[in-house]
Amino acid sequence: MNVMLELELKRAFNDWRLILFTIGMPMVIYLATAAQFDEPIDGTPVARYLLVSMAVFGAIGAALSIGGPRVAMEREIGWTRQLRLTAMSGVRYVVVKLMAAAVVTLVSIVAIFVLGSLVNDVHMPIREWVMSAGLVWAGSWVFCVLSVLLGYLFTSTSITVGLMVVNMGFSMLGGLFWPVNGFPHWLRVVAEATPTYHLAQLGHVAQNGDWPATTDVAVLAVYLLVSVAGAAWLYRRDEVRV
């Protein structure tokens, strides 16, 4: 299992296109966006507010891009079928995918936070840095599991479109690019039902040294449970087919 995880991480970090998209692009958007606005957002300086928003954007991009595409490709070439003939169980296979996605996700979050500190002069107590990054990372496991689910749902060809729709759809509706306070009422209701909105709320609340709201944790927990159940069902269906 450790060897397989090491191989997954090497494949991820050796793919410069993947790193550019999951880590580089959120950093560029953060730098470009934070420099355009002076007015605080919800009473928080723009650079500090967008720090969390872009960390969440990078986290979900990394989480979705690691597990799902690998699963979809390996299903098509028969690799998952071959693994069932070895000591590597299906559960361990999925856990490795989740762990690899979680590692890359953590790197993406840390990269944004370091950028905010060094370039945009964002200052917070150590406790708030750690709480904010830690809560965003913990909440991003929802998308790690969702990625695996999509890997069993789509083919290697169609999953790219599926991931793009999920990533950009949740990011825009969840208010990562603009505050949901400016949304029409009906759209705000939709936004507050997305996991990205509640994931960003975890980070924003932690920036102020407060503990997360029960609602944010509960919504993310529901999404996680549904994703786990869906991934488990699709895995069993795939196992029967092959």
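Note that this is a predicted model, so its numbers are computed, not measured. Index from 1, following the sequence.
- Minimum heavy-atom separation, G58 to P26: CA-CG, 3.5 Å.
- Although no hydrogens or angles enter the test, the distance criterion places a donor-acceptor pair under 3.5 Å between the side chain of S132 and the main chain of G203.
- The cluster map of Ile, Leu, Val, Met, Phe, Trp and Tyr, joined by side-chain heavy atoms under 4.5 Å apart, puts V180 and M168 in the same cluster.
- Side-chain atoms of S65 never come within 3.5 Å of backbone atoms of A62 as a donor-acceptor pair (strictly under, hydrogens ignored).
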Please report the C-alpha distance between L18 and I66 in whole Å, then the side-chain angles of each, then the deciding distance to 0.1 Å, and finally whether the side-chain contact (heavy atoms from CB on, under 4.5 Å) criterion is met.
-> CA-CA 9 Å; L18 177 66; I66 300 300; 3.2 Å; yes
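- No more than 12 heavy atoms of other residues, nucleotides or ligands shown are found within 6.0 angstrom of CE on M164.
- Here the straight-line distance linking atom CD1 of I60 with atom CG of L146 works out to 10.0 Å at 0.5 Å rounding.
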After noting the C-alpha distance and the side-chain angles of V145 and L149, does the key distance pass the side-chain contact (heavy atoms from CB on, under 4.5 Å) rule?
-> CA-CA 6 Å; V145 178; L149 184 155; 5.7 Å; no
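- The shortest side-chain heavy-atom distance between T105 and C144 falls under the 4.5 Å cut-off.
- With S158 contributing its side chain and T155 its backbone, the two residues share a donor-acceptor pair below 3.5 Å.
- The heavy-atom pair separating P195 from F170 by the smallest distance is CD-CE2, 3.5 Å.
- Note on V130 and V107: separate hydrophobic clusters, where clusters join Ile, Leu, Val, Met, Phe, Trp and Tyr whose side-chain heavy atoms are under 4.5 Å apart, directly or indirectly.
- With hydrogens and angles ignored, the 3.5 Å screen pairs no side-chain donor or acceptor of W137 with any backbone N or O of V103.
- The CG atom of D216 sits 5.5 Å away from the CD atom of Q201 when rounded to the nearest 0.5 Å.
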Any chance you could lay out the side-chain contact (heavy atoms from CB on, under 4.5 Å) test for V142 and L199, step after step, and finish with the verdict?
-> CA-CA 10 Å; V142 172; L199 181 54; over 6 Å; no
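- Side chains of D121 and H123 form a contact here, defined as non-hydrogen atoms less than 4.5 Å apart.
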For ring-ring contact (aromatic ring centres under 6.0 Å, His included), just list the numbers for F177 and F57, CA-CA rounded to whole Å, side-chain angles, deciding distance to a tenth of an Å, and then say yes or no.
-> CA-CA 9 Å; F177 300 112; F57 179 60; 5.2 Å; yes
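- Hydrophobic clustering, with ILVMFWY side chains joined whenever heavy atoms are under 4.5 angstrom apart, keeps V205 apart from V136.
- Atom CG of N120 and atom CG of L31 lie 5.5 Å apart (nearest 0.5 Å).
- Atom-to-atom distance recorded for I159:CD1 and M73:CE is 10.5 Å, nearest 0.5 angstrom.
- Minimum heavy-atom separation, A200 to V52: O-CG1, 3.6 Å.
- Between the side chain of S108 and the backbone N or O of T22, at least one donor-acceptor pair lies under 3.5 Å.
- Listed for the H198 side chain is a donor-acceptor partner under 3.5 Å among the backbone atoms of E192.
- Between Q207 and W129, every side-chain heavy-atom pair lies at or beyond the 4.5 Å cut-off.
- For the atom pair CG (N167) and OG (S147), the distance works out to 10.5 Å, reported to the nearest 0.5 Å.
- Residues Y223 and F143 keep their aromatic ring centres 6.0 Å or farther apart.
- Residues L106 and V110 are in side-chain contact: their nearest non-hydrogen atoms beyond the backbone lie under 4.5 Å apart.
- Between M54 and I29, some side-chain heavy-atom pair lies under the 4.5 Å cut-off.
- Using a distance-only test at 3.5 Å, with no hydrogens or angles considered, no donor-acceptor pair links the side chain of R188 to the main chain of N181.
- In plain terms, the two heavy atoms of M172 and W178 that are nearest each other are O-NE1, 3.6 Å.
- The shortest distance between side-chain heavy atoms of L51 and M124 falls below 4.5 Å.
- In this structure, N14 contributes its side chain and K10 its backbone to a donor-acceptor pair below 3.5 Å.
- In this structure, CG in L176 is found 8.0 Å from OG1 in T194, a value given to the nearest 0.5 Å.
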Run the numbers on H204 and S53 for side-chain contact (heavy atoms from CB on, under 4.5 Å), then give the verdict.
-> CA-CA 8 Å; H204 289 311; S53 296; 3.7 Å; yes
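- Closest approach of N208 to E128, counting heavy atoms only: C-OE2, 3.9 Å.
- Looking at S117, its side chain never comes within 3.5 Å of a backbone N or O of F113 through a donor-acceptor pair.
- Within the 3.5 Å criterion, the main-chain N or O of A47 finds a donor-acceptor partner in the side chain of Y30.
- Both W233 and V228 belong to a common hydrophobic cluster when Ile, Leu, Val, Met, Phe, Trp and Tyr are linked at side-chain heavy-atom distances under 4.5 angstrom.
- Linking ILVMFWY residues whenever their side-chain heavy atoms come closer than 4.5 Å, directly or via other members, leaves L173 and V165 in distinct clusters.
- Contact record, G67 with A101: N-CB, 4.4 Å, taken as the closest heavy-atom pair.
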